[in-house]
2 protein chains.
Amino acid sequence: MDWQTLLAKAGYRLSEPRKRIMKLMETAEKPLNPLAIHRILREQGIHLGVVSVYRTLELFFALGLISQVFQADGLVGYLPASFGHHHFIVCQKCQKAVEFSGSEDMRELVQRVQTETRYQVSDHLLQFYGLCPECQALLEAGGNS
Amino acid sequence: MDWQTLLAKAGYRLSEPRKRIMKLMETAEKPLNPLAIHRILREQGIHLGVVSVYRTLELFFALGLISQVFQADGLVGYLPASFGHHHFIVCQKCQKAVEFSGSEDMRELVQRVQTETRYQVSDHLLQFYGLCPECQALLEAGGNS
DNA sequence: CTATTATTGAAAATGTTTTTCAGTTAGCAT
DNA sequence: ATGCTAACTGAAAAACATTTTCAATAATAG
C-alpha cells in the first residue's frame, strides 16, 4: 500500500504540496529538514509556503509515512519510511542514509535492559553511523597516494 | 574521574554557571532542555543568562560529560553521562530516564547491517522507551479498580 | 458541475538560538 | 595574600526556526 492510499484511508487529501514534498524525499539520498525541503523545492521553481512543509512533515510523521533521521552533525532530517520495522544507517561523510530492517536481533538486549532497569520496554530508537561504500572507496583511494 | 577533573584537564574553568547547570542535571530524573534548565535555575533564585546554558551544554556535550536524551514527545534533553558506553531508557509517561550499559549485545546486529548495507559501522544511537516501575505500578493499580 | 471543507500561504507572532562586546571572575604565578 | 590574564559571563541585539491567524484556493464527494 503506497503512501497516497494510506493518506486517503486516513482521511486526508492529496494536495500538490504534499505530493511535491514526498516526491522530493523519495528522490533524496540524504535526510532533509524542513527548511532544506522548502529551499530545494523553491529552487526547483515549485512555489509553496514554509508552513506547508512543516505541517506536511508533521502529518506524514504522525502517520508513519516518514522517519526522522538523526544526522551526525546534530540536525534532524526526514526520509520516507518503508512498511514494517526499519532503521537507518547514515554516512558520516556524505550524509547518505540507507534503511535496514528489523529488531529481531535486539531481543536479548531488551531482556537485559528490562531486568537491569525494571522498566517495561515498548519501543526503541536505533540508528547507526558509519561510512557508505562510496566514501570508503574514496578514503582508500586517498590513503594509497 | 569526576566531571570537574575532566573539565579542568581539558583546559576549561570551573565557573559558577557550569557548576549549577551540572548540579541541576545530576539531581534531575528527567532530561532537561536548555530553556528548561534556564527556567528552573531562575526559579531557584540562581541568576544566569540563557546563553550560558546553551554554551555550557554545548561544551559539556562535546566533552562527553552529558548525553542527549530523545524524549517521546520529540524534544531533546540532556543528562549527565557516566564513564564508558551507555544509553538511556525513558519512561513514556513521566519522562524519567535511566541509564543502562554497553553495546556488547549489538555485535551480531552490527555485522548484519554491515553485510546488508555495505556500510562500515563506527557508531550508533540507541535509546529505549517504556514504562518505569512507578508508572507500571500506577497503571496496575488503576487497572484493578 | 457545485458545494463543502480541507488545505494553502502571506504576514505576523512566537519561540529558540547565536553573536557581540563590555564587565566579571577563576585560577595561576609570585 | 595579591595581581594579572584571559576565559567566561550576561544583556541586548541579531539571526534563525517554527507556529498561529485567517482569507483564498483546491481536492473531492455527490
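Below, read A as the first sequence line, B as the second, and so on, with proteins coming before strands; counting in each chain starts at 1. FYI, side chains are in, hydrogens and waters are out, and symmetry mates aren't considered; it's all heavy atoms of this structure. Not measured: the values here are computed from a predicted model.
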Exam field: side chain B:Q136 to backbone A:R118, donor-acceptor pair closer than 3.5 Å: yes
Between B:V51 and B:K19, just flag the one whose closest nucleotide in DNA chain C comes earlier from the 5' side. B:V51
Under 4.0 Å from any atom of DNA chain D, heavy atoms only: list the residues of residues 31-49 of chain B that qualify, in numerical order. B:R42, B:H47, B:L48, B:G49
Quick one: side chains of residues 20-31 of chain A, donor-acceptor pairs under 3.5 Å with protein atoms, not counting sequence neighbours, listed by atom name and distance.
unit_1, atom_1, unit_2, atom_2, d
A:R20, NE, A:E16, OE2, 3.2
A:T27, OG1, A:K23, O, 3.0
A:T27, OG1, A:L24, O, 3.1

The salt bridge (Lys or Arg N to Asp or Glu O under 4.0 Å) partners of B:E116 (sequence neighbours excluded) come to B:R112
Send over the distance from A:I21 CD1 to C:dT8 C1', rounded to a whole Å. 11 Å
Positional range of nucleotides in DNA chain D within the contact set of chain A, heavy-atom, under 4.0 Å: D:dA17 to D:dT28
State which residues pass side-chain hydrogen bond (donor to acceptor under 3.5 Å, both in side chains) with B:Y119; sequence neighbours excluded, sorted by chain then number. none
By side-chain hydrogen bond (donor to acceptor under 3.5 Å, both in side chains) - contacts of A:E99 (at least two apart): A:S82
Do any side-chain atoms of residues 42-59 of chain A form donor-acceptor pairs under 3.5 angstrom with protein atoms, and if so which ones, sequence neighbours left out?
unit_1, atom_1, unit_2, atom_2, d
A:R42, NE, A:L48, O, 3.0
A:R42, NH2, A:L48, O, 3.0
A:T56, OG1, A:S52, O, 2.7

side-chain hydrogen bond (donor to acceptor under 3.5 Å, both in side chains) with A:T115: which residues, sequence neighbours excluded? none
Pairs under 3.5 angstrom, nitrogen or oxygen only, protein versus nucleotides 5-7 of chain C, please.
unit_1, atom_1, unit_2, atom_2, d
C:dT5, O2, A:R13, NH1, 3.4
C:dT5, O2, A:R13, NH2, 3.2
C:dA6, O4', A:R13, NE, 3.2
C:dA6, O4', A:R13, NH2, 3.1
C:dT7, OP1, A:R13, N, 2.8
C:dT7, OP1, A:R18, NH1, 2.6
C:dT7, OP1, A:R18, NH2, 3.4
C:dT7, O5', A:R18, NH2, 3.3
C:dT7, O3', A:S15, OG, 3.4

In this structure, would A:F100 and B:V110 fall into the same cluster of hydrophobic residues linked by side-chain contacts under 4.5 Å? yes
Please enumerate all residues that pass salt bridge (Lys or Arg N to Asp or Glu O under 4.0 Å) together with A:E134, with sequence neighbours excluded. A:K96
In the hydrophobic clustering that connects Ile, Leu, Val, Met, Phe, Trp and Tyr at side-chain heavy-atom distances below 4.5 Å, which members other than A:L79 occupy its cluster, ordered by chain and number? A:V69, A:F70, A:V76, A:F88, A:V90, A:L125, A:Y129, B:V69, B:F70, B:V76, B:L79, B:F88, B:V90, B:L125, B:Y129
Looking at DNA chain D, which of residues 69-80 of chain A put a heavy atom within less than 4.0 Å of it? none
Verdict with supporting geometry, B:H124 and B:H87, ring-ring contact (aromatic ring centres under 6.0 Å, His included): CA-CA 10 Å; B:H124 64 276; B:H87 298 283; 5.1 Å; yes
